[in-house]
Number of protein chains: 2
Amino acid sequence: MTDIDELMSIRQMCDAYDVTPRTLRFYEAKELLFPQREGQKRLFTKRDRARLKLILRGKRFGFSLEEIRQLLDLYHIGDQQQTQLQRTYEIARDRLRDMEAQRDELTEAIEDLREQLRWGEKVIASMSQEKDAAE
Amino acid sequence: MTDIDELMSIRQMCDAYDVTPRTLRFYEAKELLFPQREGQKRLFTKRDRARLKLILRGKRFGFSLEEIRQLLDLYHIGDQQQTQLQRTYEIARDRLRDMEAQRDELTEAIEDLREQLRWGEKVIASMSQEKDAAE
DNA sequence: ACGTATCTTGACGTTAACGTCAAGGGGCCC
DNA sequence: GGGCCCCTTGACGTTAACGTCAAGATACGT
């Protein structure tokens with residue numbers, strides 16, 4: 001709620017989000033984050049933290065940093081030109097479709113795997129059965 | 001249904017699954033696929049094709065080839081030792097949990113993005129409104 | 001003034017997952 | 001038997017996403 005919550009050092013960020021300094025600097029170089037500077041030291045804002053959360057989430061879905069960067073633009077829509085905004089919007093809409101498709105496929109894969117696991121249980125059961133009989 | 005369906009050349013595989021020869025050879029080197037040989041030429045079986053589908057699906061979820069390889073073992077459970085099978089089973093159970101968690105997170109992210117898109121629509125609408133007024 | 005802790009900018013190293021040649025064998029057709 | 005295709009095995013190149021030093025600025029406690 002105070003300045004401590006508003007601006008965080010690189011170390012605080014690392015502790016809070018379980019990333020390395022190198023990673024944060026890398027994301028800045030790739031224009032995914034835009035920390036302020038106090039002298040030469042980086043200070044990460046609430047906005048940077050929100051973006052970082054989205055980045056990490058995107059990575060868990062297997063998105064590339066470049067794909068994520070395009071999506072991030074949708075989340076700070078204020079400072080964009082009209083045509084650029086339209087483009088951003090369309091990219092996000094496409095990405096949404098991808099994500100929905102991915103979720104459907106994932107649901108399917110989960111079902112498949114569950115079935116395989118039921119199979120596995122049976123096989124394991126019958127194997128220990130045989131083993132019991134042999135003793 | 002004939003031999004043509006049973007065994008496929010590397011070229012046929014590439015056309016069928018939209019991958020390169022290099023990729024298939026790479027997957028074999030990493031022990032994800034085990035094509036038969038006719039002389040020195042590779043012949044891919046139905047089993048290889050099933051595995052390849054699972055590989056490509058896993059990749060779309062952002063899994064590494066190594067993670068995928070461990071899962072694949074569950075799908076050809078027949079030829080395993082009992083202890084090894086138990087281990088395979090546990091790995092698959094863990095992976096299932098990961099996938100369920102990922103799906104939940106994805107559902108959440110989809111909701112977030114949908115909301116952002118509604119926002120975006122509004123902003124775009126109001127911007128073209130302003131533009132109309134200015135003309 | 002000194003140590004130590006945290007930060008900075010290069011710059012080179014690493015891993016995964018392939019891409020991209022180079023050199024050569026085997027089959028088939030005219 | 002020359003040409004053409006498809007296949008093979010090395011072996012080196014590439015890209016993304018960082019890791020890992022090296023060398024130096026800045027600040028803080030004693």
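Chain identifiers are assigned alphabetically (A, B, ...) following the order of the sequence lines, protein sequences preceding nucleic acid strands; residue numbering begins at 1 within each chain.
Spacing between atom CE of A/Met8 and atom P of C/dC7 amounts to 11 Å, rounded to whole angstrom units. Atom CD1 in A/Ile10 sits about 18 Å away from atom P in C/dA5, given to the nearest Å. One can place CG of A/Leu7 at 19 Å from P of C/dT6, the figure rounded to the nearest angstrom. Residue B/Asp15 contributes atom CG, which lies 13 Å from atom C1' of D/dC6 at whole-angstrom precision. Rounded to a whole Å, the CZ atom of A/Arg11 is 20 Å from the P atom of D/dT26. Nucleotide D/dT9 holds its C1' atom 8 Å from the CZ atom of B/Arg25, rounded to whole Å. The CG-P distance, from A/Leu24 to C/dT9, rounds to 12 Å in whole Å.
Electrostatic pairing of B/Arg37 and B/Glu28 counts as a salt bridge here, judged by a charged N lying under 4.0 Å from a carboxylate O.
When the side chain to side chain donor-acceptor pair (under 3.5 Å) test is applied to A/Arg57, the partners found at least two apart in sequence or on another chain are B/Asp112.
Counting only N and O atoms by type, the side chains of B/Thr107 and B/Asp104 include no donor and acceptor under 3.5 Å apart.
Here the side chains of A/Phe44 and A/Leu52 are not in contact, with every heavy-atom distance at 4.5 Å or above.
Contact between B/Phe63 and B/Glu67 at its shortest, heavy atoms only, is CA-OE1, 3.4 Å. The shortest heavy-atom contact between A/Ile68 and A/Ile55 is CD1-O, 3.6 Å.
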Letter per nucleotide, 5' to 3', of nucleotides 10-29 of chain C [B base touched, S only sugar-phosphate touched, - untouched; heavy atoms, 4.0 Å]: -------BBBB---------

